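Below: one structure, written as structure tokens.
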Amino acid sequence: NAGVTQTPKFQVLKTGQSMTLQCAQDMNHNSMYWYRQDPGMGLRLIYYSASEGTTDKGEVPNGYNVSRLNKREFSLRLESAAPSQTSVYFCASSEFKGFETYEQYFGPGTRLTVT
Amino acid sequence: KQEVTQIPAALSVPEGENLVLNCSFTDSAIYNLQWFRQDPGKGLTSLLLIQSSQREQTSGRLNASLDKSSGRSTLYIAASQPGDSATYLCAADSWGKLQFGAGTQVVVTP
């Protein structure tokens with residue numbers, strides 16, 4: 001199993017450009033997540049999808065949109081990139097472990113720089 | 001709002017010493033607490049998950065404890081090795097969403 005995969009690994013954008021970050025998992029997990037990680041800070045949740053066909057905002061959703069294309073794929077779109085969106089973006093999926101417990105598994109990340 | 005704090009932010013120890021990493025959280029109504037390892041430029045690897053009904057979990061040289069009443073979790077790494085050098089993050093699961101601490105950067109010197 002590849003686990004959680006993300007493309008691209010690196011990206012440089014100019015302010016105002018748009019792009020989509022792709023994420024796929026092959027573990028048949030229902031829930032998927034997008035986080036961003038900034039220096040000196042922990043990961044912050046941008047959006048999540050509890051199941052195919054549903055999406056919900058996390059802690060920092062402004063400037064982003066998501067699409068849960070099917071059970072495997074969850075994409076994150078930046079419509080008009082801003083320098084404040086320079087960050088490392090992680091996708092994750094989670095496995096139900098019983099009694100309200102979900103263990104999350106992470107992709108390798110996408111390093112995005114907006115100039 | 002759940003807040004998660006990890007102290008210290010950085011730690012350097014000689015090889016063979018035991019590591020003690022601390023994690024505190026403000027809201028004790030958590031489902032579980034998860035510890036991750038992150039190597040430079042890499043993603044997160046899950047180390048241990050402690051369910052809210054459990055007090056501790058063990059895996060090899062790693063042991064994590066959870067005290068919900070005091071809002072604390074501790075990760076112990078026995079007999080540290082240079083390969084343990086990484087950033088360790090804890091995350092509290094509140095209502096199905098993870099709230100992360102900023103991490104403790106660990107360096108184990110040979």
Side-chain angles (χ1 to χ4, degrees), chain A residues 2-7 9-10 21 23-25 27 29-51 54-61 87-112, chain B residues 1-10 21-54 57 59 64 66 68 73 86-105:
Chain A
V4 180
T5 57
Q6 293 183 236
T7 55
K9 287 185 168 48
F10 301 93
L21 282 64
C23 174
Q25 54 91 9
M27 296 175 282
H29 292 167
N30 285 321
S31 299
M32 298 184 72
Y33 311 81
W34 277 105
Y35 295 88
R36 61 178 289 172
Q37 184 178 33
D38 299 300
M41 300 181 71
L43 280 71
R44 292 181 292 168
L45 182 64
I46 305 171
Y47 270 94
Y48 67 102
S49 171
S51 62
T54 68
T55 60
D56 284 289
K57 295 178 181 179
E59 183 183 352
V60 288
S87 188
V88 182
Y89 291 86
F90 289 101
C91 177
S93 66
S94 66
E95 177 184 18
F96 182 59
K97 303 292 255 187
F99 190 63
E100 299 174 329
T101 297
Y102 293 83
E103 185 168 7
Q104 292 197 17
Y105 299 86
F106 284 76
T110 294
R111 282 144 187 83
L112 175 67
Chain B
K1 177 179 179 285
Q2 176 75 271
E3 293 186 4
V4 180
T5 304
Q6 292 186 250
I7 295 174
L21 307 179
N22 298 304
C23 173
S24 61
F25 46 94
T26 55
D27 185 353
S28 62
I30 63 170
Y31 291 157
N32 61 66
L33 191 128
Q34 200 165 350
W35 281 94
F36 296 88
R37 170 184 170 135
Q38 185 176 29
D39 293 292
K42 304 291 186 184
L44 279 68
T45 301
S46 179
L47 296 174
L48 290 168
L49 183 150
I50 314 172
Q51 294 181 329
S52 61
S53 59
Q54 299 173 322
Q57 276 284 354
S59 175
L66 175 63
K68 284 180 57 179
S73 177
T87 296
Y88 293 83
L89 297 104
C90 68
D93 184 343
S94 299
W95 305 101
K97 300 177 192 177
L98 289 183
Q99 190 70 37
F100 281 84
T104 295
Q105 185 176 12

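None of the values given here were measured: they were computed from a predicted structure. Per chain, numbering begins at 1; letters A, B, ... match sequence-line order.
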Indicate yes or no: at least one non-hydrogen side-chain atom of B:Lys97 is less than 4.5 angstrom from one of A:Asp56.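 No, side chains not in contact.
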*Side-chain heavy atoms of B:Leu98 within contact of A:Tyr33, under 4.5 Å*: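 A side-chain contact is absent here, since even the closest heavy-atom pair is not under 4.5 Å.
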Review point. Within a reach of under 6.0 Å around CD of B:Gln105, are more than 12 heavy atoms found that belong to other residues, nucleotides or ligands?
Key: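 Check fails, neighbour count at 12 or below.
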Where on [X] is there a heavy atom nearer than 4.5 Å to chain B: the side chain, the backbone, both, or neither?
| X | answer |
| --- | --- |
| A:Leu43 | both |
| A:Gln6 | neither |
| A:Tyr105 | neither |
| A:Arg44 | neither |

message = Under a 4.5 Å cutoff for heavy-atom pairs, which residue among B:Gly41, B:Cys90, B:Ala9 has the most contacts with chain A?
response =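 If we count pairs closer than 4.5 Å to chain A, B:Gly41 comes out on top.
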CG of B:Asn32 to CD of A:Glu103, rounded to nearest 0.5 Å, is 8.5 Å
Between the CG atom in B:Leu89 and the CD atom in A:Gln37, the distance rounded to the nearest 0.5 Å is 6.5 Å
Honestly, the part of B:Leu44 sitting under 4.5 Å from a heavy atom of chain A is both
| request: Answer with side chain, backbone, both or neither: which region of B:Gln38 has an atom nearer than 4.5 Å to a non-hydrogen atom of chain A? | output: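 Contact with chain A is through the side chain of B:Gln38 alone.
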- Item | Minimal non-hydrogen separation, B:Ala102 against A:Gly40, with atom names |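 Distance-wise, the nearest heavy atoms are CB-O, 3.5 Å.
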Residue pair A:Glu59, B:Lys1: steps toward the side-chain contact (heavy atoms from CB on, under 4.5 Å) verdict:
CA-CA 10 Å; A:Glu59 183 183 352; B:Lys1 177 179 179 285; 3.6 Å; yes
